[in-house]
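In what follows, a structure is listed as structure tokens, so that the remarks can point back to it.
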2 protein chains.
Amino acid sequence: MHDGGVEQLAEQLREAGHRLTAPRRAVLTVLAEATEHLPADRIHELAAAHTPEVNLASVYRTLQLLGELGLAHEVRLGDGRGYWELAHGEDAYHLHCLRCRSVTHHAGDTVRQVRAHLGDAHGFRAESVDLVVHGVCAACQHEA
Amino acid sequence: MHDGGVEQLAEQLREAGHRLTAPRRAVLTVLAEATEHLPADRIHELAAAHTPEVNLASVYRTLQLLGELGLAHEVRLGDGRGYWELAHGEDAYHLHCLRCRSVTHHAGDTVRQVRAHLGDAHGFRAESVDLVVHGVCAACQHEA
DNA sequence: ATCGGTGCAAACAATTTGCATTAGA
DNA sequence: TCTAATGCAAATTGTTTGCACCGAT
């Protein structure tokens with residue numbers, strides 16, 4: 001997750017017919033450097049380091065755009081807000097540790113199985129699967 | 001569905017050391033009669049029919065209490081708000097139809113399997129599993 | 001030179017809270 | 001009676017929007 005990633009994403013923005021602006025580059029950089037899922041206000045804070053004066057509204061607008069382009073993805077943890085991450089090959093689920101508040105995503109068959117099951121059993125055509133598991137991660141269990 | 005259910009829930013409230021008030025009874029009645037998942041403001045509207053003057057704040061307070069007592073359960077669909085339903089034997093997932101906006105819950109092994117998988121593969125102790133699948137339900141697919 | 005994007009401030013929507021009053025037990 | 005619970009209104013929080021100005025293409 002060095003700057004190369006950002007350049008590539010920036011390119012995708014441009015290719016989709018959007019302008020590459022300072023706020024957008026700042027948000028992309030923050031997301032690319034992030035090791036965890038970030039809410040908009042946190043992204044705003046971090047972006048301010050790169051590019052002072054980025055406005056929170058622009059962060060929201062950028063995130064929405066990135067979401068529409070499929071470059072970023074929003075996760076809802078149950079509290080009101082949205083947490084963002086760069087898109088990774090979909091069909092992942094999230095483990096939300098209630099103790100250390102960490103959120104990790106995991107790919108795997110799990111979600112695919114759920115999807116398959118639904119089509120068979122309920123004739124439901126799944127568009128997207130939101131699977132968030134709240135609990136206590138392995139690390140936190142040890143230091144209990 | 002009929003008032004018997006409400007009486008039983010009311011009893012559980014009292015047993016837990018809480019007072020049985022008009023707003024609380026109204027919310028319980030609405031939830032018991034509901035055939036779908038309701039957001040707080042909708043519950044407020046419907047409760048007003050039974051008991052005029054119930055305040056929206058009281059609806060929120062009641063819902064929170066019912067949640068803590070395990071009598072009701074909140075579902076997050078991804079839009080900002082919470083949708084409520086009476087507690088049914090847990091471990092269900094929700095199918096959210098993007099076309100008709102319906103939300104149906106289904107019990108079954110699915111969630112239990114996810115739970116088991118997590119413990120084995122990641123040492124994660126699952127407390128609650130939120131599985132919401134967005135897509136198009138069977139009914140809506142037919143009339144496409 | 002355009003017109004998409006930004007900053008700013010005000011608007012919104014969902015939910016929460018402080019406080020004086022009311023009513024369940 | 002005595003304290004939990006309510007109504008009301010104001011405060012919070014997360015997110016969106018209108019609009020005049022600015023800058024990427």
Side-chain angles (χ1 to χ4, degrees), chain A residues 6-7 9-30 37-48 50-69 71-84, chain B residues 6-7 9-30 37-48 50-69 71-84:
Chain A
V6 173
E7 288 313 319
L9 291 163
E11 190 49 40
Q12 294 193 52
L13 255 189
R14 247 198 247 90
E15 274 169 19
H18 298 279
R19 294 181 182 172
L20 181 53
T21 65
R24 285 177 179 168
R25 170 163 263 135
V27 169
L28 283 176
T29 304
V30 169
H37 300 60
L38 305 171
D41 58 333
R42 192 90 190 80
I43 294 176
H44 178 229
E45 271 175 38
L46 295 171
H50 292 282
T51 313
E53 289 215 21
V54 261
N55 189 273
L56 180 56
S58 295
V59 171
Y60 275 106
R61 284 186 280 231
T62 299
L63 290 173
Q64 184 167 315
L65 176 62
L66 295 179
E68 284 163 9
L69 296 180
L71 301 180
H73 186 246
E74 185 182 23
V75 185
R76 296 272 178 173
L77 297 181
D79 60 350
R81 58 191 158 195
Y83 292 80
W84 292 83
Chain B
V6 173
E7 287 313 317
L9 291 164
E11 190 49 41
Q12 295 194 51
L13 255 189
R14 247 199 248 90
E15 274 169 19
H18 298 278
R19 294 180 184 174
L20 180 54
T21 64
R24 286 177 179 170
R25 170 164 261 134
V27 169
L28 284 176
T29 304
V30 168
H37 301 59
L38 304 171
D41 59 333
R42 191 92 191 77
I43 294 176
H44 177 229
E45 271 175 37
L46 295 171
H50 292 282
T51 312
E53 289 215 21
V54 262
N55 189 273
L56 180 55
S58 295
V59 171
Y60 275 107
R61 284 187 278 230
T62 299
L63 289 173
Q64 184 166 316
L65 176 62
L66 295 179
E68 283 163 9
L69 295 180
L71 301 180
H73 187 246
E74 184 182 22
V75 185
R76 295 272 178 175
L77 298 181
D79 59 351
R81 58 191 158 196
Y83 292 80
W84 293 83

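Quick note: numbers below take in every heavy atom, side chains included, and nothing from hydrogens, waters or symmetry partners. Labels below follow one simple rule: chain letters A, B, ... track the order of the sequence lines, proteins then strands, and each chain is numbered from 1.
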Worksheet, complete the sentence: Here the residues of residues 50-59 of chain B within 4.0 Å heavy-atom distance, strictly under, of DNA chain D are B:Glu53, B:Val54, B:Asn55, B:Ser58

Practice prompt. Could you tell me the separation between the CG atom of A:Leu46 and the OG1 atom of A:Thr29, rounded to the nearest 0.5 Å?
Written response: 11.0 Å

Worksheet item: Can you name the closest pair of heavy atoms from A:Leu63 and A:Ala40 and give their distance?
Response: CD1-CB, 4.0 Å

Worksheet entry | Contacts of type side-chain contact (heavy atoms from CB on, under 4.5 Å), residue A:Gln12, not counting sequence neighbours | A:Gln8, A:Leu9, A:Leu71

Worksheet, complete the sentence: For residues 14-28 of chain B, the salt bridge (charged side-chain N to carboxylate O under 4.0 Å, His left out) pairs (sequence neighbours left out) are B:Glu7-B:Arg25, B:Glu11-B:Arg14

Fill in: Rounded distance in Å - CD (A:Gln64) to P (C:dT6)
12 Å

Fill in: Stem list, DNA chain D (Watson-Crick or G-U pairing under 3.5 Å, at least 3 consecutive pairs)
C:1-10 with D:16-25, C:12-14 with D:12-14, C:16-25 with D:1-10

Item to complete: For C:dT16, take OP1 and OP2 only and decide whether either is under 4.0 Å from a side-chain N or O of B:Tyr60.
Response: no

Discussion item. The criterion is side-chain contact (heavy atoms from CB on, under 4.5 Å); which residues satisfy it with A:Arg81, sequence neighbours excluded?
Written reply: A:Pro39, A:Asp41, A:Asp79, A:Tyr83

Discussion item. Treating primed atoms plus P, OP1 and OP2 as sugar-phosphate and everything else as base, which nucleotides of nucleotides 19-25 of chain C get B, S or - for protein heavy atoms under 4.0 Å?
Written reply: ----BBS

Practice prompt. Kindly compute the distance separating CG (A:Leu28) from CG (A:Leu20), expressed to the nearest 0.5 Å.
Written response: 7.5 Å

Item to complete: To the nearest Å, give me how far apart CG (B:Leu65) and P (C:dT15) are.
Response: 17 Å

Fill in: Separation of atom CG in A:Asp79 from atom C1' in C:dT16, rounded to whole Å
15 Å

Item to complete: Extract, from 5' to 3' on DNA chain D, the first and final nucleotides lying under 4.0 angstrom from some heavy atom of chain A.
Response: D:dG14 to D:dT25

Practice prompt. For residues B:Thr51 and B:Ala26, report the shortest heavy-atom separation together with the two atoms involved.
Written response: OG1-CB, 3.5 Å

Response to the item:
For B:Arg42, the salt bridge (charged side-chain N to carboxylate O under 4.0 Å, His left out) test, sequence neighbours excluded, returns B:Glu45

Worksheet, complete the sentence: Looking only at heavy atoms, the pair that brings A:Ala72 and A:Trp84 closest together is CB-CE3, 4.0 Å

Worksheet item: What's the CD-C1' distance between B:Glu74 and C:dT16, to the nearest Å?
Response: 13 Å

Practice prompt. Please list, chain by chain and in numerical order, all residues satisfying side-chain contact (heavy atoms from CB on, under 4.5 Å) with A:Ala16, sequence neighbours excluded.
Written response: A:His18, A:Leu69

Discussion item. Please report the interatomic distance OG1(A:Thr62) to CD1(A:Ile43), rounded to the nearest 0.5 Å.
Written reply: 9.5 Å

Item to complete: Would you please name every residue forming a ring-ring contact (aromatic ring centres under 6.0 Å, His included) with B:His37, sequence neighbours left out?
Response: B:His94, B:His105

Worksheet item: Rounded to whole angstroms, how far apart are CZ on B:Arg81 and P on C:dT16?
Response: 15 Å

